[in-house]
Engineer: 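Below: one structure in structure tokens.
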Amino acid sequence: MLINYLKIIIRFLKKQKLYSFINIAGLAIGVACTLFIVMWMFEELSYDHFYQNADDIYRVEQKLLNPPDGIIPIALTPTPLAPILKDRYPEILETARIHYMKNMICSHENKRFVEDRILAV
């Protein structure tokens, strides 16, 4: 019975080449998109979960008013915000500030090089 179904499928694929190609290509694109979405979802859900208390980690965001795009949340805040928040709220145990720098000249063992992008904590 299964062999008969395979014969029918092969005959149909030979007769209706364009229709078969469209169906198979659509199925392949759909499966590929689904796999990419699932991979992206797993990556997003695994963010910062290697820390012991990952549920206690928060990021402060600032809302930037950009007229063509509307309001954009960004992770840039004023430098003195971290110590002020730690002083005013006893629930905050530790703070960290992240600085984004471009085109920095770095040196290591008397060798100098330029880094395009640096995130410093």
Side-chain angles (χ1 to χ4, degrees):
M1 182 105 172
L2 184 62
I3 294 174
N4 288 334
Y5 286 148
L6 290 175
K7 286 180 184 178
I8 293 170
I9 290 170
I10 291 171
R11 285 181 193 153
F12 183 78
L13 290 175
K14 285 181 182 179
K15 285 183 181 179
Q16 303 288 331
K17 291 180 183 176
L18 180 64
Y19 183 73
S20 299
F21 173 76
I22 291 171
N23 279 336
I24 293 171
L27 179 65
I29 291 170
V31 169
C33 288
T34 302
L35 288 176
F36 282 129
I37 290 170
V38 168
M39 288 170 42
W40 174 75
M41 185 181 69
F42 277 123
E43 193 271 331
E44 287 291 321
L45 292 175
S46 69
Y47 186 74
D48 279 346
H49 281 276
F50 53 88
Y51 291 111
Q52 185 177 7
N53 297 324
D55 294 337
D56 295 334
I57 297 174
Y58 296 93
R59 183 172 90 172
V60 177
E61 289 186 345
Q62 181 178 349
K63 292 185 179 180
L64 177 69
L65 179 60
N66 192 4
D69 299 330
I71 296 175
I72 302 171
I74 58 172
L76 300 174
T77 55
T79 304
L81 182 65
I84 290 173
L85 287 175
K86 190 172 180 181
D87 289 341
R88 291 191 182 172
Y89 298 99
E91 299 90 10
I92 297 176
L93 302 176
E94 295 294 331
T95 60
R97 292 176 282 192
I98 299 174
H99 301 283
Y100 175 73
M101 296 172 271
K102 290 177 115 181
N103 299 328
M104 289 291 298
I105 298 174
C106 302
S107 63
H108 179 68
E109 297 178 357
N110 296 328
K111 294 180 184 177
R112 288 187 172 200
F113 50 92
V114 177
E115 285 291 331
D116 293 338
R117 297 179 188 141
I118 294 178
L119 284 174
V121 179

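The shown structure was predicted, so the numbers you read here are calculated from the model rather than taken from an experiment. Heads up: numbering here begins at 1 and tracks the sequence.
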Engineer: So, using side-chain contact (heavy atoms from CB on, under 4.5 Å) as the criterion, who are the partners of Phe113 when residues are at least two apart?
Structural biologist: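 Counting only residues at least two positions away or on another chain, Phe113 forms a side-chain contact (heavy atoms from CB on, under 4.5 Å) with Cys106, His108, Glu115.
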Engineer: Considering only heavy atoms from C-beta outward, does the side chain of Ile71 approach that of Leu64 to under 4.5 Å?
Structural biologist: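 Not in contact.
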Engineer: State plainly whether the residues Glu61 and Lys63 are in salt-bridge range, i.e. N to O under 4.0 Å.
Structural biologist: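 No, no charged N to carboxylate O under 4.0 Å.
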Engineer: Please output the side-chain donor-acceptor pairs of residues 6-34 that fall under 3.5 Å, not counting sequence neighbours, one pair per line with the distance.
Structural biologist:
residue: Ser20; atom: OG; partner: Gln16; partner atom: O; Å: 2.6
residue: Thr34; atom: OG1; partner: Gly30; partner atom: O; Å: 2.8

Engineer: Minimum heavy-atom separation for Ile92 to Lys86, with atom names?
Structural biologist: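 That would be O-CG, 4.1 Å.
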Engineer: According to salt bridge (charged side-chain N to carboxylate O under 4.0 Å, His left out), does anything in residues 72-85 pair up with another residue at least two apart or in another chain? List the pairs.
Structural biologist: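 As it turns out, there is no salt bridge (charged side-chain N to carboxylate O under 4.0 Å, His left out) pair with a partner in residues 72-85 once direct neighbours are skipped.
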Engineer: To the nearest 0.5 angstrom, please state how far the OH atom of Tyr89 sits from the CD1 atom of Ile84.
Structural biologist: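 Rounded to the nearest 0.5 Å, the OH-CD1 separation comes to 11.0 Å.
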Engineer: Check whether more than 12 heavy atoms from other residues, nucleotides or ligands sit under 6.0 Å from atom CG of Leu65, and answer yes or no.
Structural biologist: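 Yes - once you tally the heavy atoms of other residues, nucleotides and ligands closer than 6.0 Å, there are more than 12.
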Engineer: Can you confirm whether Ile3 is buried at CD1, in the sense that more than 12 heavy atoms of other residues, nucleotides or ligands lie under 6.0 Å from that atom?
Structural biologist: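 Counting neighbours around CD1 of Ile3, 12 or fewer heavy atoms of other residues, nucleotides or ligands fall under 6.0 Å, so no.
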Engineer: Less than 4.5 Å apart, any side-chain heavy atom of Leu81 and any of Val60?
Structural biologist: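 Yes, at least one pair of side-chain atoms sits under 4.5 Å.
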Engineer: Do other residues, nucleotides or ligands put more than 12 heavy atoms under 6.0 Å from Glu44 CD?
Structural biologist: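 Check passes, neighbour count above 12.
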